[in-house]
Amino acid sequence: MQLPEDFDIERYADARLVEAEKVTRACRVYEAWESIGATVNPVGSTAMGLLCKHRDIDFHVYTDKLDIADSFRAILQICTDKNATRLECRNLSETEECCLEWHVWYTLDSEEWQIDMIQILKGSTFDGYFERIAARIREVLTPETRRTILQLKYQTPETEHIAGIEYYQAVLADNVRTYAEFEEWRREHPLTGICTWCP
C-alpha cells in the first residue's frame, strides 16, 4: 500500500497515541493493577511513539508473585466496564518467561483496542528487559527513521502479523527503507521465539 502524497504519517501516528492514552485512562489499567501492589510500565509501540494502524496497547506488569486469584481481582476491575468485550489469559508461569499474559479487548468511540498486559514475576529473566530495549530505541530514533518505521507499518497488509521489533531492527540495524526491502529482510531474518535484539 502506497501512502497518498498528502498523507502525514507522523500526524496520524501522533493522533493514534492520543487515542491510546484516552483508552488507557478509560479502562483504568494503572489503577486496577496498582490496587494489588503491582508496578505497571508501558512498553511496545506506544512507549516508543511508534503506534500506527494496529490498535494495541502494551504493558508489563510486575508483581512479587504470580497469584492468579490476585490477578483476577485486578482484571475484574477492567472487565466490569461495559466497554470491555473480551478477555484471554495464558499461564506461562512455569516457562522461562515466568509470566501471565492478559489480553483485554476494549471498545471506545466505536473502535476496538487490544490491551496486552504481561504480568511478570519480579526478579525473573525478563524483569525490565524490554523496557531497556524500548528506552534504547527511543534514544537512537531520528525523525527520518521514525517516519520510515511508521510508513512500513502503515503499508503492512492487515492480514500480516509482524512483531514491532522486526520493523525496528530492519530500519535501525540494517537500513531498510522500503516495504519491498522489508519483505526481503524478513525472508532473510525469520523471527523464531523472543527477539532479544537491541540497538
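Just so you know, these numbers come straight off a predicted model, no measurement behind them. The figures here come from the full heavy-atom set of this structure, side chains too, leaving out hydrogens, waters and symmetry mates. The chain is numbered in sequence order, starting from 1.
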Can you tell if the side chain of Lys22 reaches within under 4.5 Å of the side chain of Asp109, non-hydrogen atoms only? yes

Of the non-hydrogen atoms in Leu100 and Ser71, which two are nearest, and what is the gap between them? CD1-OG, 3.8 Å

Using a 3.5 Å cut-off and no angle test, enumerate the donor-acceptor pairs between side-chain atoms of residues 122-129 and protein atoms at least two apart in sequence or in another chain.
| unit_1 | atom_1 | unit_2 | atom_2 | d |
| --- | --- | --- | --- | --- |
| Ser124 | OG | Leu121 | O | 2.6 |
| Asp127 | OD2 | Gly123 | N | 2.7 |
| Tyr129 | OH | Thr196 | O | 3.1 |

Salt bridge or not between Lys53 and Glu158? Use side-chain N to carboxylate O under 4.0 Å. yes

Would you mind reporting whether Ile115 and Thr24 have side-chain heavy atoms less than 4.5 Å apart? no

dist Asp174:CG -> Glu184:CD (nearest 0.5 Å) comes out at 12.0 Å

Side chains of His103 and Asp116, donor plus acceptor under 3.5 Å: yes

I'd like to know if Leu17 and Tyr168 are part of one continuous hydrophobic network [Ile/Leu/Val/Met/Phe/Trp/Tyr, side-chain heavy atoms within less than 4.5 Å]. no

Under 4.5 Å between any side-chain heavy atoms of Glu19 and Leu51, yes or no? no

If the threshold is 4.0 Å, N to carboxylate O, is there a salt bridge linking Arg28 and Asp81? no

Below 4.0 angstrom, N of the basic side chain to O of the carboxylate: do Arg147 and Glu10 qualify? yes

List the atom of Thr46, the atom of Ala20, and the distance in Å for their closest heavy-atom pair. CG2-CB, 4.1 Å

Can you find a pair of side-chain heavy atoms, one from Pro199 and one from Arg136, that are under 4.5 Å apart? yes

Establish whether Ile194 and Trp197 are linked, either directly or via other cluster members, by ILVMFWY side-chain heavy-atom contacts under 4.5 Å. yes

Within a strict 4.5 Å, meaning less than it, do heavy atoms of the Trp113 and Ile57 side chains meet? yes

Could you tell me if Thr142 and Thr145 have a donor-acceptor pair between their side chains, going purely by distance under 3.5 Å? yes

Ignoring hydrogens and angles, tell me if any N or O in the side chain of Arg138 forms a donor-acceptor pair with the backbone of Met48 under 3.5 Å. no

Taking everything shown except Glu144 itself, do over 12 heavy atoms lie less than 6.0 Å from its CD? yes

If I take atom OH from residue Tyr106 and atom OG1 from residue Thr85, how far apart are they, to the nearest 0.5 angstrom? 10.5 Å

Keeping the roles fixed (side chain from Arg177, backbone from Val171), state whether a donor-acceptor pair exists under 3.5 Å. yes

Donor-acceptor under 3.5 Å (Arg86 side chain, Trp105 main chain): no

Could you walk me through whether Asp58 and Ile118 satisfy the side-chain contact (heavy atoms from CB on, under 4.5 Å) test, starting with their C-alpha distance in whole Å, then the side-chain angles of each, then the deciding distance to 0.1 Å, before giving a yes or no? CA-CA 8 Å; Asp58 301 303; Ile118 311 304; over 6 Å; no

Cluster question for you: counting only ILVMFWY and a side-chain heavy-atom cut-off of under 4.5 Å, with indirect links fine, are Trp102 and Tyr62 together? no

Test side-chain contact (heavy atoms from CB on, under 4.5 Å) applied to Cys52 and Ile9, step by step: CA-CA 8 Å; Cys52 196; Ile9 188 67; 4.0 Å; yes

Closest non-hydrogen atom pair, Ala163 against Leu191: CB-CD2, 3.7 Å

Phe130-Tyr167 co-clustered via ILVMFWY side chain contacts under 4.5 Å: yes

Any chance you could measure Ile133, atom CD1, to Gln169, atom CD, to the nearest 0.5 Å? 10.0 Å

Is it the case that one hydrophobic cluster holds both Met117 and Ile120, taking links as side-chain heavy atoms less than 4.5 Å apart, direct or via other members? no

Can you see which heavy atom on Ala84 is nearest to which on Cys79, and at what distance? CB-CA, 3.8 Å

Heavy-atom side-chain contact between Arg186 and Glu183 under 4.5 Å: no

Where do Leu92 and Glu101 come nearest, in terms of heavy atoms and distance? CD1-OE2, 3.5 Å

All N/O donor-acceptor pairs, side-chain side in residues 29-39, below 3.5 Å, sequence neighbours left out:
| unit_1 | atom_1 | unit_2 | atom_2 | d |
| --- | --- | --- | --- | --- |
| Ser35 | OG | Ala32 | O | 2.6 |
| Ser35 | OG | Gln77 | NE2 | 2.7 |

Salt bridge or not for Glu97 and Arg90, using N-O below 4.0 Å? no

Taking every heavy atom of Phe59 against every heavy atom of Pro42, the minimum-distance pair comes out as CD2-CA, 3.9 Å

Find the distance between CD1 (Ile165) and SG (Cys198) and round it off to the nearest 0.5 Å. 7.5 Å

Salt-bridge criterion met for Asp70 and Arg73 (N-O under 4.0 Å): yes

Output, in order, the C-alpha distance, side-chain angles, deciding distance and verdict of salt bridge (charged side-chain N to carboxylate O under 4.0 Å, His left out) for Arg16 and Glu21. CA-CA 9 Å; Arg16 272 289 192 230; Glu21 179 60 30; over 6 Å; no

Taking C-beta and beyond as the side chain, do Phe182 and Gln155 meet within less than 4.5 Å on heavy atoms? no

Salt bridge (charged side-chain N to carboxylate O under 4.0 Å, His left out) between Lys153 and Glu166: does it pass, once the steps are laid out? CA-CA 10 Å; Lys153 286 187 171 187; Glu166 294 180 81; over 6 Å; no

Just by modelled atom types, is the Leu66 backbone N or O under 3.5 Å from a matching donor or acceptor in the Thr63 side chain? no

Just so I know, are the side chains of Ser45 and Asp56 near enough to count as touching, which here means a heavy-atom distance under 4.5 Å? yes

Could you check Trp185 against Tyr179 for ring-ring contact (aromatic ring centres under 6.0 Å, His included), going step by step and ending with a plain yes or no? CA-CA 10 Å; Trp185 184 91; Tyr179 196 78; over 10 Å; no

Roughly how far apart are Leu141 CG and Thr148 OG1, rounded to 0.5 Å? 10.0 Å

For Arg55 and Gln114: C-alpha separation, side-chain torsions, deciding distance, then whether side-chain contact (heavy atoms from CB on, under 4.5 Å) applies. CA-CA 6 Å; Arg55 294 184 292 273; Gln114 181 176 329; over 6 Å; no

His54 side, atom NE2; Glu160 side, atom CD - distance, nearest 0.5 Å: 9.5 Å

